[in-house]
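To start, the structure under review is shown below, and the notes come after it.
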Amino acid sequence: MLDLRLIRERPEWVKERIRLKGDNVDAEVDRIVELDRRRREIIVEAEALKHERNIVSDEIAKRRRLGQPAEELIERMRDISDRIKWLDGKLSEIERELDSLLLIIPNLPHESVPIGEDESGNVEVMRWGEPRQFDFEPKPHWEIAQLLGIIDFERGVKLSGSRFYVLTGLGARLERALISFMIDLHVEKHGYTEVFPPFMVRRDCMVGTGQLPKFEVEAYVCERDDLWLIPTAEVPVTNLHRDEILDREMLPLKYVAYSACFRREAGAAGKDTRGIIRVHQFNKVELVKFVEPERSYEELESLVKDAVEVLELLGMPYRVVEMCTGDLGFAASKKYDPEVWMPGQGRYVEVSSCSNFEDFQARRANIRYRPAKGAKLRYVHTLNGSGLAVGRTLAALLENYQQEDGSVIIPEVLRPYMGGVERIEPQSRRK
RNA sequence: GGAGUGGUGCCCGAGUGGACGAAGGGGCGGCUCUGGAAAAGCCGUAGGGGCGGCGAAUACCGUCCCUCGCGGGUUCGAAUCCCGCCCACUCCGCCA
């Protein structure tokens with residue numbers, strides 16, 4: 001949510017910044033400015049009347065105590081009260097509309113974000129590692145997995161429909177190993193606090209981080225209970241501190257959380273239909289930070305570093321892409337997407353997404369802190385990033401570590417988590 | 001799911017129609033006392049919003065309004081009475 005004052009004072013600038021995101025909210029902004037003006041007009045009148053009501057009310061009480069008549073005062077109060085009631089009704093009507101508009105206005109891009117219309121305007125900001133040279137044709141992960149017998153696509157469909165799959169045997173073990181490895185890294189080396197959140201949340205949480213009200217069709221919901229399946233651990237973890245006032249000494253707060261993630265992938269028909277790149281349920285290890293506004297952009301850089309270290313330790317080449325204004329999404333001010341090299345497909349695939357939301361989420365979720373003793377409260381800045389998407393990392397690992405005989409070598413850092421397994425052999429060669 | 005109890009400030013807790021933004025206690029901050037501390041005493045300690053002043057300010061000053069879980073109602077007037085909702089806890093049922 002943007003600051004209403006900002007929209008009031010610089011509406012044209014706000015419109016312009018949002019147009020850079022490929023969104024047009026000119027009409028909404030104009031309406032907000034108009035509603036805001038009417039809101040304040042009404043407040044002025046209503047408050048003057050309420051002031052009068054308080055004074056007359058005291059006078060009535062005083063006369064009652066002294067046993068004096070107060071009929072003509074009470075008569076006058078009736079009119080005042082009616083008028084107040086009418087004004088307050090009008091006011092809440094206006095505020096309802098105002099709030100619903102404010103919730104669908106996207107965040108503004110940070111000034112450092114490159115301007116562009118779509119993903120073609122994104123900028124590669126770094127590259128790490130040399131893609132391995134194969135002396136055979138590298139396979140895509142779904143073929144490798146089939147050979148190894150570690151992903152069961154058919155039965156996934158039988159259980160839950162398309163875009164679901166089942167991990168079995170060492171595949172399941174590998175998924176679990178990756179989760180533990182990532183969490184341990186972020187806890188032990190990077191100083192994050194581990195959190196195991198609920199996977200279903202109330203509507204308020206989804207509004208707090210920005211998934212609702214605008215992107216309702218993207219989410220799964222248990223309607224009977226109005227509980228929403230989280231599309232990312234960002235939702236429960238950011239909302240941990242909803243409606244809280246944090247101590248400055250606590251900042252920055254850094255959390256790492258594993259969760260399953262649920263996405264309807266509405267509008268993604270035909271995209272990434274093979275393999276496990278785009279599915280309705282996947283595992284992810286998420287990093288979330290709450291920081292002081294002044295430091296949020298440094299914290300974004302270190303967040304990216306923390307995330308890509310996973311790829312470095314796993315020995316997989318990657319690049320980091322900075323999103324342009326047109327590809328930023330609804331809530332982010334600035335965003336980097338680390339992408340891992342997938343030799344079986346000959347392309348880089350997004351395995352993380354690291355964003356600074358500035359105070360956009362904090363304002364929605366009402367997360368504040370006191371900068372100093374006696375100082376006024378401020379909104380914190382929130383950030384988050386995948387560290388990493390587990391399914392895609394597993395897929396990349398299969399493709400990067402595949403051998404000509406169809407086996408896949410397990411990177412050394414994962415072996416302790418794999419019970420010492422060094423290599424997954426094709427099913428036909430296992431007994 | 002059934003029955004019951006309850007939601008008040010940073011925390012505990014009083015308050016069943018008017019002098020209550022709210023007793024009392026705790027915590028925290030400041031001051032007095034002290035060589036220093038403890039104890040004791042005094043003072044101060046919520047958030048949001050509007051208007052005006054000054055301004056770069058979401059810094060500061062003044063003033064007013066709102067907020068006792070949330071929303072509505074009764075009343076001249078509601079923390080207090082009525083209705084609906086949400087949440088927490090206890091017991092029963094069910095359950096990993």
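Numbers restart at 1 for each chain; the letters A, B, ... are given by sequence-line order, proteins then strands.
Using a 4.0 Å heavy-atom distance criterion, A:Arg8 is classed as a sugar-phosphate-only contact. When heavy atoms are screened at a 4.0 angstrom cut-off, A:Arg368 is found touching the sugar-phosphate backbone but no base atom. Residue contacts for A:Asn54: at a heavy-atom cut-off of 4.0 Å it reaches the sugar-phosphate backbone alone, with no base atom in range. Looking at heavy-atom distances under 4.0 Å, A:Ile60 makes contact with a base. Contact annotation for A:Leu377: backbone-only contact, meaning every heavy-atom pair under 4.0 Å involves sugar-phosphate atoms and none involves a base.
Atom CZ of A:Arg155 has 12 or fewer neighbouring heavy atoms from other residues, nucleotides or ligands inside a 6.0 Å radius.
The side chain of A:Arg78 contributes no N or O atom lying less than 4.0 Å from OP1 or OP2 of B:rU74. Here A:Arg40 does not reach the OP1 or OP2 of B:rG49: none of its side-chain N or O atoms lies under 4.0 Å away. Taking side-chain N and O atoms only, A:Ser81 has no distance below 4.0 Å to OP1 or OP2 of B:rU75. Side-chain nitrogen and oxygen atoms of A:Arg202 include none within less than 4.0 Å of the OP1 or OP2 phosphate oxygen of B:rC86. Between A:His51 and B:rC65, a side-chain N or O to OP1/OP2 separation shorter than 4.0 Å is present.
Here the CG atom belonging to A:Leu35 is positioned 12.0 Å from the CZ atom belonging to A:Arg96, to the nearest 0.5 angstrom.
Between A:His381 and A:Tyr369, the distance from one ring center to the other does not fall under 6.0 angstrom.
Here the side chain of A:Asp23 pairs no donor or acceptor atom with the backbone of A:Arg19 at under 3.5 angstrom. In this structure, the side chain of A:Arg17 engages the main chain of A:Pro109 through a donor-acceptor pair within 3.5 Å.
Place A:Arg96 and A:Lys50 on RNA chain B by their nearest nucleotides, and A:Lys50 ends up nearer the 5' end. Nearest-nucleotide positions on RNA chain B for A:Arg39 and A:Arg53 put A:Arg39 closer to the 5' end.
Using atom P as the reference point in both B:rG53 and B:rG17, the two lie 44 Å apart (nearest Å). If you take atom P in B:rG29 and the same atom in B:rA38, they sit 11 Å apart, rounded to whole Å. Comparing the P positions of B:rG84 and B:rG27 gives a spacing of 42 Å, expressed to the nearest Å. Going from the P atom of B:rG7 to that of B:rC70 covers 13 Å, rounded to whole Å. Between B:rG21 and B:rA59, the distance separating the two P atoms is 28 Å to the nearest Å. Across the C1' atoms, B:rG15 and B:rC91 are found 30 Å apart, a figure rounded to whole Å. Spacing of C1' atoms, B:rA22 relative to B:rA78, comes out at 14 Å, to the nearest Å. Remark: the separation of the P atoms in B:rA37 and B:rC20 is 39 Å, to the nearest Å.
Defined by atom type and a distance below 3.5 Å, a donor-acceptor pair is present between the side-chain atoms of A:Ser333 and A:Asn107.
Nearest to the side chain of A:Lys85, among B:rC66, B:rU74, B:rC86, sits B:rU74. Closest to the A:Arg5 side chain, of the nucleotides B:rG50, B:rU58, B:rC64, is B:rU58. The side chain of A:Glu47 lies closest to B:rG49, out of B:rG18, B:rG49, B:rC76.
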